[in-house]
There are 2 protein chains.
Amino acid sequence: MIIIAERINGMFTDVKQAIADKDKKVIQELARKQTEAGASYLDVNVGTAAADQEGTMQWLVESIQETCSTPLCLDSQKPDVIAAGLKAVNADNGVILNSTPLNKKNDDEILDKFIEMANQAGPKASIIALTMDKNGVPQDTDNRVAIAAEIVSKAMEKGFATQRLFIDPIVLPVKVPNAQVQPGNILNAMEQIQYLADPAPHMTVGLSNLSQGTTERSLINRVFLAMAIPRGLDSAIADALDEKLMNVVATSEMLMDKQIYSDSFLKVYASTNR
Amino acid sequence: MIIIAERINGMFTDVKQAIADKDKKVIQELARKQTEAGASYLDVNVGTAAADQEGTMQWLVESIQETCSTPLCLDSQKPDVIAAGLKAVNADNGVILNSTPLNKKNDDEILDKFIEMANQAGPKASIIALTMDKNGVPQDTDNRVAIAAEIVSKAMEKGFATQRLFIDPIVLPVKVPNAQVQPGNILNAMEQIQYLADPAPHMTVGLSNLSQGTTERSLINRVFLAMAIPRGLDSAIADALDEKLMNVVATSEMLMDKQIYSDSFLKVYASTNR
């Protein structure tokens, strides 16, 4: 499972403060701890507070790379901020551009731009593409799958390998009732998305979004993750420091026969997934 | 979710001892605690130690019924032991006959006998039917589904409502590697079994069997349960006293939109599922 660790994000108070103080140590400690916990990638998001988002992204990337070589996932709604991160990133180990919709309100073909940026970054650069388009997040399962199909077909058209694509079907908070985008519908969308291409694109979710504002965040995240893995989910932007969550990942992989059972399967997983 | 609580079973040391000592209190305490934990049914299994299995089953049933009215699930491989339990049971609240294969080596049409016994017990009596036949437990997914289809069609033939049928696709211990009956294959079987009839039969599993002999029993049980509920599993013979497991049940039902989210959804579930 490709775990993209979510903690280096300016939305968290400690990271926001570290950015304001230009305090590398807080960032580097988070990079180290998440890597040890089994993160495959470290998400890097400057948040909304920093005045100079591009400069902040570069500073975060440089600070992290001073201390560890875990691949990064450059996370911004602004392509220019991701582009700034790409200038500083060592893409040899891999890098993810997070994220792009299919297209935008103004008919901006933003996915094309991301494919160009990823190609410039090198053969190990991947893209997270959201199942949303100029009309926003679809209110039903079928349109999610339809947009995912368009994303996959556009990638193929451009000769961009589907294995470099992460499709994110967008989970919404359970606390905000919405009949059309219930978790069960997202699972059904996943079931179809996994068969859109062969080899299949990766599938990821911003897992913590599901439990936003709830009293049982880890439990809700864990249960949904266990439900989604048999439907083809092979990646998640998630809290790698949540040991219970990482144990559910290990157990799911064991049950789905991606790791054989041994009495120490949790430890084996933690040491081999790094 | 129909939770059939597993603890009143002569395979557990405390129950075995209570049976030997004819000590009702141990049994009644387990009945009370499991009911409070949210059990829909209490499984009753005399185990293998008791010399007089039929008499022991009756004594267990009578002891439990003195203290609570939770419906019982009479669990034995011997139809005569279940029949003995049925003589003592109050079937007005429901009762489950646990369990029968489709048929046996000697071509004994044992499912027919169970349907007869259930019909005699009254309209609220159900049957757990295992997806196995005279050849034993099938070594692949398709044969599990095929046997389930035969069970459903036999029930329909006899005018036995499919809602009175619990299909058990039989999970095997992960500790014993067997490529053909991996948990992923059982999930695929469930996906098909749920559409065998409309209204669908219930689906159940002997959940704890999966984690037999492992070092992480509750975790493995919990993760598989979360995976199986979206595939139509609506019942499990499980450890109702495992609070973490019951919380996964509540969270799964909430995510699958069987309960709306509220900050106290775990408590709400515990109090309404009884």
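Everything numeric here is computed off the predicted structure, so don't read it as measured data.
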Which residue out of B:Ser252, B:Gly184, B:Ser264 racks up the most heavy-atom pairs below 4.5 Å with chain A? B:Ser252
By a 4.5 Å heavy-atom criterion (distance strictly below it), what part of [X] contacts chain A: side chain, backbone, both, or neither?
{"X": "B:Leu187", "result": "side chain"}
{"X": "B:Leu266", "result": "side chain"}
{"X": "B:Leu225", "result": "neither"}

To the nearest 0.5 Å, what is the distance between CD1 (B:Ile220) and CZ (A:Phe265)? 4.0 Å
At what distance, to the nearest 0.5 angstrom, does CZ of B:Arg222 lie from CZ of A:Arg222?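 Reported to 0.5 Å precision, the distance equals 6.5 Å.
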Please report the C-alpha distance between A:Glu216 and B:Asp263 in whole Å, then the side-chain angles of each, then the deciding distance to 0.1 Å, and finally whether the side-chain contact (heavy atoms from CB on, under 4.5 Å) criterion is met. CA-CA 8 Å; A:Glu216 295 286 345; B:Asp263 284 347; over 6 Å; no
Among A:Ala228, A:Ala226, A:Ser262, which residue forms the greatest number of heavy-atom pairs with chain B at distances under 4.5 Å?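 Result: the option with the highest number of such pairs is A:Ala226.
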Between A:Met254, A:Met256, A:Arg231, A:Lys244, the one whose heavy-atom pairs under 4.5 Å with chain B are most numerous: A:Arg231
[atom1] of [X]: more than 12 outside heavy atoms within 6.0 angstrom?
{"X": "B:Lys16", "atom1": "NZ", "result": "no"}
{"X": "A:Gln163", "atom1": "CD", "result": "yes"}
{"X": "A:Glu29", "atom1": "CD", "result": "yes"}
{"X": "A:Glu243", "atom1": "CD", "result": "no"}

Please look at A:Met227 and chain B and tell me whether the side chain, the backbone, both or neither of the residue comes under 4.5 angstrom of a heavy atom of that chain. both
Per-residue contact mode, A:Ile260 against chain B (heavy atom under 4.5 angstrom): neither
Donor-acceptor pairs under 3.5 angstrom involving side-chain atoms of residues 1-15 of chain A: please list them, not counting sequence neighbours.
unit_1: A:Glu6; atom_1: OE1; unit_2: A:Ser208; atom_2: OG; d: 2.8
unit_1: A:Glu6; atom_1: OE2; unit_2: A:Ser208; atom_2: OG; d: 3.2
unit_1: A:Arg7; atom_1: NH1; unit_2: A:Asp14; atom_2: OD1; d: 3.3
unit_1: A:Arg7; atom_1: NH2; unit_2: A:Asp14; atom_2: OD1; d: 3.4
unit_1: A:Arg7; atom_1: NH2; unit_2: A:Asp14; atom_2: OD2; d: 2.7
unit_1: A:Asn9; atom_1: OD1; unit_2: A:Met11; atom_2: N; d: 2.9

List the atom of B:Tyr261, the atom of A:Thr215, and the distance in Å for their closest heavy-atom pair.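 That would be OH-N, 3.2 Å.
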Of A:Val249, A:Val223, A:Val248, A:Asn247, the residue whose pairing with B:Val223 passes side chain to side chain contact (heavy atoms under 4.5 Å, CB included):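 Going through A:Val249, A:Val223, A:Val248, A:Asn247 one by one, the side chain to side chain contact (heavy atoms under 4.5 Å, CB included) with B:Val223 is satisfied by A:Val248 alone.
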